[in-house]
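It should be emphasised that the depicted structure is a prediction, and the values quoted were computed from it without experimental measurement.
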Amino acid sequence: MAALVGAELMNGLNEKQFAVIRTLLDSAPDAAVRKLNQALAAETSLGPMGAIRKMVREEAAERRARQLVFEPILRLCSPAAHFDHQSFPARAPNLLWKALKVDYPEAFAAALAAAEAWRNHDSDTAAFDTLCETAAAALSAASPDFVPTLEVLGDRAERFIQYLEITPLARRTLHQLPEWLNRMTDERAASARLAFRDAGEISPDGGPQLLELVLSHLAEPWQILRLIAAIMVRASDNFVADSELSPFGERLLSHIDVQLDRIRSFDPAGGAPEGRAAAEAARIAVLAMSEFEQTLELNREGPWGARVARQRRDLAQVIEARLAKIDDAVAAALPLKPVKYGGRVVRGEPRLSADPDERAVAKAEGLLAFLHDTNTSASTGGYASVRGKVIEKIEDRLANYTDDLIEHLRDPQCEDRERSRVFLELGARFIAYARDEKAAQIIRRRAAA
């Protein structure tokens, strides 16, 4: 480092400036370092900017190598970790990396070279695995330069070391994972069982820990059930619920309950974003329940079979209750006034005596967005029929409403033309949710004509 500082001083940076830049680079997020490296890639100056470019390039190379070396475990060290994973402080990998650089320069340099040559998962990762094994041993021995990492980890240090020990196996497992999830053949199931067994030989909790690392890399966490079904001799809910892998199923079931609560607490007054979020919760719940049903042998009276059945029933009920409120919400946002003929009220026509009620509009739009986005889950969720009837009713209401407004706008004596156009645009927006954007554009073109 002293030699490097001396070189940079010759290029016009004094020691204090060098230290400031180094500190800024150390604290910068990975994405910022990558962007800065790209921005300086064309810099050819031998002066201060050239020195800075060299520092940034080296830092970016180290960041990339660290990402590749610790890739299997990094998801557990993310502050944005989801699905209630076992988690570790985000600083731990950084501190560990610095200690490895000081105490094991040869293994560190080999990992840097392997990262430079790395192109895809078929590349040689032996140097990455060696560095992880070295890190686990150094932490276990509480080597002086590794004490800061241990202090940050606290009472989670032993668990972190265990995860590091199975990181090489997890790296190979994650490489095979897409094939396993896509189609679990007998050969692939045998590979999954072998990986699980090997993890158990590394540490007593190695098997579940391997699945935890895999789970942290899944965009759809319920897919972990496919691996569990391949690993278990009997993939029934009674059997798995009594095994060491039961926490995975319990967490998934709790995850479904969380989605149901989100739908129940959905406030349509929040508008379209709230409606979409509630519909996404429904989609997640349906996918997770379907994974249970398709992957495991669920007993209707079993610990998980009975719970999934209850969750399905609750989901259909809460969604149907929400859908039942949409017609009234649309009526409040697009109010009608009664029209009498022959002394009898025969129909309603748009009431244009006041501007739209913004709260009523937001509530209607929230429910309509929910209606629209539940199209991805309705058929498998058990509420497609109710949803279809609601859509039919809403489309009929909106078609009549917009037709009346267009006729009103065609009247040369129309006195509230601007307000009519505002309500017509609302009608077009609403019909985009109930049908599609093409139907909304047709209404707008008719109004323009």
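Evaluation of the side-chain hydrogen bond (donor to acceptor under 3.5 Å, both in side chains) test over residues 183-193, restricted to residues two or more places apart or in two chains, returns none.
In this structure, the side chain of S265 engages the main chain of D261 through a donor-acceptor pair within 3.5 Å. No donor-acceptor pair under 3.5 Å is formed between the side chain of D436 and the backbone N or O of A432. Not one N or O on the side chain of E201 forms a donor-acceptor pair closer than 3.5 Å with the backbone of R197. T374 places no side-chain N or O within 3.5 Å of a backbone atom of S377 that could act as its donor or acceptor partner. Between the side chain of H217 and the backbone N or O of P72, at least one donor-acceptor pair lies under 3.5 Å. Looking only at distances, no side-chain donor or acceptor of R226 sits under 3.5 Å from a matching main-chain atom of W180.
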Verdict with reasoning, Q441 to E437, per side chain to side chain donor-acceptor pair (under 3.5 Å): CA-CA 6 Å; Q441 291 299 336; E437 184 59 35; 2.9 Å; yes

Stepwise side-chain contact (heavy atoms from CB on, under 4.5 Å) check, V240 with S236: CA-CA 6 Å; V240 180; S236 68; 5.9 Å; no

Salt bridge (Lys or Arg N to Asp or Glu O under 4.0 Å) between R251 and E212, worked out: CA-CA 12 Å; R251 285 157 63 190; E212 189 70 35; 2.9 Å; yes

K101/E62 under salt bridge (Lys or Arg N to Asp or Glu O under 4.0 Å): CA gap, chis, key distance, verdict: CA-CA 10 Å; K101 183 177 182 179; E62 283 200 19; 2.6 Å; yes

Derivation of the side-chain contact (heavy atoms from CB on, under 4.5 Å) call for F423 and Y401: CA-CA 9 Å; F423 275 104; Y401 186 87; 3.2 Å; yes

Check against side-chain contact (heavy atoms from CB on, under 4.5 Å), R264 and V318: CA-CA 7 Å; R264 292 188 186 100; V318 69; 3.6 Å; yes

Criterion side chain to side chain donor-acceptor pair (under 3.5 Å) on Q317 and E320, from CA distance to verdict: CA-CA 5 Å; Q317 289 176 349; E320 288 175 8; over 6 Å; no

Test side chain to side chain donor-acceptor pair (under 3.5 Å) applied to E291 and T295, step by step: CA-CA 6 Å; E291 196 71 45; T295 307; 2.9 Å; yes

Worked verdict on E280 versus R283 for salt bridge (Lys or Arg N to Asp or Glu O under 4.0 Å): CA-CA 5 Å; E280 174 63 9; R283 186 189 71 86; 2.7 Å; yes

E293 and R312: CA distance, side-chain angles, deciding distance, side-chain contact (heavy atoms from CB on, under 4.5 Å) verdict: CA-CA 11 Å; E293 294 164 344; R312 270 204 174 279; 2.7 Å; yes

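For A136 against I161, the heavy-atom pair with the smallest separation is O-CG2, 3.8 Å. The shortest non-hydrogen separation linking N299 to D237 is N-OD1, 3.3 Å. Listed here is the closest heavy atom pair of V69 and R171: O-NH2, 2.9 Å. In this structure, A241 and S246 approach most closely via the heavy-atom pair O-CB, 3.2 Å. Residues R397 and A331 approach most closely at NH1-CB, 3.6 Å, considering heavy atoms. Shown here for D373 and A279, the closest heavy-atom pair between the two residues is CB-CB, 3.3 Å.
To the nearest 0.5 angstrom, L96 atom CG is 11.5 Å from D145 atom CG. With rounding to the nearest 0.5 Å, the separation of CH2 in W222 from CG in L252 is 8.5 Å. Within the model, atoms CG of L409 and CG of D404 stand 11.0 Å from one another, a figure rounded to the nearest 0.5 Å. Separation of atoms CG (L405) and CZ (R419) is listed at 12.5 Å; rounding is to 0.5 Å. To the nearest 0.5 angstrom, D403 atom CG is 10.5 Å from L398 atom CG. Put simply, CZ on F146 and CG on L95 are 11.0 Å apart, with the number rounded to the nearest 0.5 Å.
Listed by chain and number, the residues in a side-chain contact (heavy atoms from CB on, under 4.5 Å) with H372 are Y433 (sequence neighbours excluded). With sequence neighbours excluded, the residues that form a side-chain contact (heavy atoms from CB on, under 4.5 Å) with R410 are I406, E407. Taking the salt bridge (Lys or Arg N to Asp or Glu O under 4.0 Å) definition, one finds that R262 meets it with nothing, sequence neighbours left out. For the salt bridge (Lys or Arg N to Asp or Glu O under 4.0 Å) test, residues two or more places apart in sequence or in another chain that qualify with D257 are R307. Every residue two or more places apart in sequence or in another chain was checked for a salt bridge (Lys or Arg N to Asp or Glu O under 4.0 Å) with R322, and none qualifies.
Counting heavy-atom neighbours within 6.0 Å of E158 CD, excluding the residue itself, gives a total of 12 or less.
Two residues are said to be in side-chain contact when any heavy atoms from C-beta on lie closer than 4.5 Å; L211 and F196 meet this criterion. Side-chain contact between E133 and T167 is absent, with no heavy-atom pair separated by less than 4.5 Å. Contact annotation: the side chain of F239 never approaches that of L296 to less than 4.5 Å [non-hydrogen atoms, C-beta and beyond]. In this structure the side chain of F128 never reaches within 4.5 angstrom of the side chain of E71, judged on heavy atoms. A 4.5 Å side-chain heavy-atom check between L336 and E349 finds every atom pair outside the cut-off. Contact annotation: the side chain of K389 never approaches that of L323 to less than 4.5 Å [non-hydrogen atoms, C-beta and beyond]. Between L367 and F266 there is a side-chain heavy-atom pair separated by less than 4.5 Å. P350 places none of its side-chain heavy atoms less than 4.5 Å from the side chain of L334.
Of the N and O atoms on the side chains of N94 and R66, at least one donor lies less than 3.5 Å from an acceptor on the other residue.
Annotation: F88 is in aromatic contact with Y163 [ring centroid separation under 6.0 Å].
The aromatic rings of W97 and F108 sit tilted, their planes meeting at an angle between 30° and 60°.
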